[in-house]
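For the numbers below, each heavy atom of this structure counts, side chains included, while hydrogens, waters and symmetry mates do not. Quick note: residue numbers are just sequence positions, from 1.
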Amino acid sequence: MSLNKLNQLYMAVVIDHASHPHHKLALPDATTSVELHNVSCGDDIRAFILMKDDKVQQVSFTGNGCTISQASASMMTDALAGLTKTEAVAGCEAFFQLVMGKQISTKAKAWLGYAEILGSVAEFPARIKCATLAWHAAQEALEGGN
């Protein structure tokens with residue numbers, strides 16, 4: 001597949017997640033939730049985590065923002081569901097490394113799923129905060145939240 005076609009496929013996946021986000025809803029029975037804001041562009045995300053037996057049973061989000069923040073939040077809900085707390089925190093850390101242009105392990109890539117395509121935002125430093133906002137909220141929620 002040519003690089004141009006691959007880029008088009010990646011953009012189609014991002015646009016699909018932003019237009020039809022997965023798990024975009026409040027979880028009233030969430031164990032924890034954290035709301036974060038990106039003051040530089042106005043993105044606003046609240047991540048909800050429901051833990052049971054040290055596993056992320058459900059993860060969802062609410063909020064508004066740009067295409068990248070909404071797509072990333074949607075991908076985050078898919079990536080973290082079913083992981084242990086330790087794996088989910090490691091998944092968040094791997095995502096942060098990825099969007100900073102760093103290499104991540106094959107195992108981390110498997111955890112991230114489609115979110116791996118957002119690694120390309122490393123080329124656009126102004127978009128890194130957009131891509132990581134939901135992941136930071138989820139990580140804080142996993143670490144205790146409110």
Whether over 12 other heavy atoms sit under 6.0 Å from Lys107 NZ: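 Not more than 12 within 6.0 Å, no.
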Looking at [atom1] of [X] and [atom2] of [Y], how far apart are the two atoms once the value is rounded to the nearest 0.5 Å?
X: Leu98; Y: Leu112; atom1: CG; atom2: CG; result: 6.5 Å
X: Ser74; Y: His17; atom1: OG; atom2: NE2; result: 4.5 Å
X: Asn38; Y: Asp44; atom1: CG; atom2: CG; result: 10.0 Å
X: Phe48; Y: Glu35; atom1: CZ; atom2: CD; result: 8.0 Å
X: Ile128; Y: Leu133; atom1: CD1; atom2: CG; result: 13.5 Å
X: Leu80; Y: Gln139; atom1: CG; atom2: CD; result: 10.0 Å

Kindly give the heavy-atom pair with the smallest separation between [X] and [Y], and that separation in Å.
X: Ile104; Y: Ala94; result: CG2-O, 3.4 Å
X: Ser40; Y: Lys129; result: OG-CD, 4.3 Å
X: Leu142; Y: Ala88; result: CD1-CB, 3.6 Å
X: Ala47; Y: Ala141; result: O-CB, 4.4 Å
X: Trp135; Y: Ala79; result: CH2-CB, 3.8 Å
X: Ala138; Y: Cys92; result: CB-SG, 4.5 Å

Is a donor on one side and an acceptor on the other found under 3.5 Å between the side chain of [X] and the backbone of [Y]?
X: Asp53; Y: Lys55; value: no
X: Asp43; Y: Cys66; value: yes
X: Glu143; Y: Glu140; value: no

Are the side chains of [Y] and [X] in contact, using a 4.5 Å heavy-atom criterion?
X: Met51; Y: Lys85; answer: yes
X: His136; Y: Ile45; answer: no
X: Val14; Y: Thr67; answer: yes
X: Lys102; Y: Phe96; answer: no
X: Val13; Y: Asp16; answer: no
X: Val59; Y: Leu50; answer: no
X: Ser33; Y: Ile49; answer: no

Would you say [Y] ends up clustered with [X] if hydrophobic residues are merged whenever their side chains have heavy atoms under 4.5 Å apart, either directly or through other cluster members?
X: Phe61; Y: Leu36; value: yes
X: Val121; Y: Met100; value: yes
X: Met75; Y: Trp111; value: yes

Stepwise side-chain contact (heavy atoms from CB on, under 4.5 Å) test for Phe95 and Ser72: CA-CA 10 Å; Phe95 184 78; Ser72 184; 3.7 Å; yes
Gln97/Gln103 under side-chain contact (heavy atoms from CB on, under 4.5 Å): CA gap, chis, key distance, verdict: CA-CA 7 Å; Gln97 294 299 309; Gln103 292 294 318; over 6 Å; no
Under 3.5 Å side-chain donor-acceptor pair for Gln58 and Lys52: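 Per modelled atom types, Gln58 and Lys52 side chains form no pair under 3.5 Å.
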